[in-house]
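This report concerns only the one structure given below.
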Amino acid sequence: MPDLDGAYVKMAMVAAFTVVACSFIQKVFRKDLERDQYYYLRDISLIAAWAICGIWTQSAPMKLTITAGVIAGLVGFCQKVVKNWDLRFCYLVIGFGVALLGPRITFIGRPEGEFLYISSFTTIIILSTLWMGFFPILFQEFDEIPGMGGGLLLVSWTLMAGVTALSSKGLSDALVMSLCGLALILVFWSRHVNVYRRLGAPLAAMWGTLLAGTSMLGASKGVAFATVMVLPLGLFAIPIIETSLCVLSAAFSPKPLGNMIFYRKLVSTGIDHPVAVFAVSAICGVCGASIAVLQMGLMDLFSLSLTLALTGAGFYIALARSGGRDEGFVGRPSLWGVSADNVSLDYALGRVAGWVSSGSDSSRMIVTVDALAALRSRDDVDYARIVRAADMVLPDGAGLIWALRFLGFTVQEQISGVDFADHICRASAGHGWAVYFLGGRPGVAEAASEKIRAKYPGLSVAGCGDGYFKREEDENVCSEIRESGADVLFVALGVPTQERWLMENLPRLDGVVGIGVGGSFDVISGRLKRAPASWRALKLEWLYRAIQEPSRWRRVVRLPLFVFLVLMKKMHLDIWKPSL
Ligand code: UDP
């Protein structure tokens, strides 16, 4: 690890301050500004954040690189305003300025670990100018494809930070720059890591210049910096080759080739846009990482990354062959033995309202399925049969939604048992339906019903019962529910007990809508806490629950198996067959 002295600690504090300030600005102004104004504000605050870092840093080469980045960002704004002027030559001028005053390319690292030193001053200046001038243009080129700029930025700063942190050659400037870059990407996450969003000319130019400058930082100090020097070449191998091809074909051919040929090829094979952006970023990342480990003389690691790259390529080809969509299951989102309904929460509530108000004698069954339920449906034929027989199947759990979308299905939204129960109670309070709570430990159903009645005062609770009764008692439980006059019955016995219970006992209840809600009573009653919104946004609700209930870890450890089997399915390598 390079030494991080006091100046860097100070720099880190300034970066942390700008990060907090930027997050605050975004939060405060979000509500009051028009969308375009808000985006402008974010671009300007990102450039300002870099400017503050530049003002505070003690390192002259860093100051220069950041200044060049900020100026490039401003040139980008001018490009936006005066569209009919080609201002791209300005980046070469900026590059020339940097080459004269600060970091320069003085040598090129060779795979054997030797360095090819460049002796001619003119060559050094020309090479450095081209390097600095090319990157903003390169970034603007591949920013034509939404999501590509952000994806490559994330990959490149991560690799740069990794390589500089591992290096023992005193690359602190580059490390600090990379960490600042990563921190700011994190703060402006939705601006960068969204496959449908472009960076825009100003940000593409700024980030390109910063990346090019950072890659040269160590060289200016005369330390061996081959790793980071050559890294971007590997990292951007595909876009560089493609952009060069594009420039060449524009010069020599009447019908020039478009940029990002590789990306377009992927899309033309039927792969959808997000997967294609991911594939290009991943391939660039693997190229960069391979070159980095080769430069460090880590042959074993090189073989490892080569193997990874080949495996990745195999995976990718299989993905391409699958055409991005699973033909067998187009229509209702399905995974192994379970199919979910692609409905919105409002629509699902509307269907329940229709069933209850119809006054029909036949009962209805609603179940929710998540990743573990899908996994269960592979072996548990009986469970799969029950889910198939349900009147409505709601997709629950971030894992299942990811898998279904990854397999090419459209899923409108996640409808979790606890949210659905809450909305049904609200509707019940409004319509005057009676609700029965069955399940959970003794006292939990009562506590849940009290809490929800306090939330929706008009709610009529027909009855409550705990979930620890014997099968012989089913008949008694059913007659209690029948006599209570319940319209809606929440059953919280856990998967698959609640589905089996509903299947067997619903026919004995007259015209009830039975809903399997898993551990919802524990959450509603306050016995367990629901994951905060931030955990849910990060798709970590399962982790939050597992922390509260350590017994759930037995189930959580099955999630990697789930992901693996979904990947297998995507590649048509899953040998599971539905049993008839
Ligand atoms: N439960 C129950 N009777 C049983 C087993 C479990 O009432 O025989 C309850 C348990 O107290 C808990 C819920 O069922 O409140 C199961 O919740 P879990 O989070 O395991 O549901 P899942 O994740 O399976 O939907």
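Just so it is clear, the structure is predicted and the values come from calculations on it, not from any experiment. Both ligands and their constituent atoms are indexed starting at 1 by order of listing.
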Interatomic distance, Ser428 atom OG to Arg426 atom CZ [nearest 0.5 angstrom]: 11.0 Å
Every residue of the protein that comes under 4.0 Å of ligand 1, judged on heavy atoms: Gly439, Gly440, Arg441, Gly467, Tyr468, Ala492, Leu493, Gly494, Val495, Gly518, Gly519, Asp522, Arg545, Arg552, Arg555
Pairing of Arg351 and Asp391 as salt bridge, 4.0 angstrom limit: no
Plane angle bin for His192 and Phe188 - parallel if under 30°, tilted between 30 and 60°, otherwise perpendicular: perpendicular
Tyr347 atom OH: more than 12 heavy-atom contacts under 6.0 Å: no
Parallel, tilted or perpendicular: ring planes of Phe490 versus Phe521, cut at 30 and 60 degrees: perpendicular
Any residue meeting ring pair (Phe, Tyr, Trp, His ring centres under 6.0 Å) with Tyr383, in chain and number order, not counting sequence neighbours: none
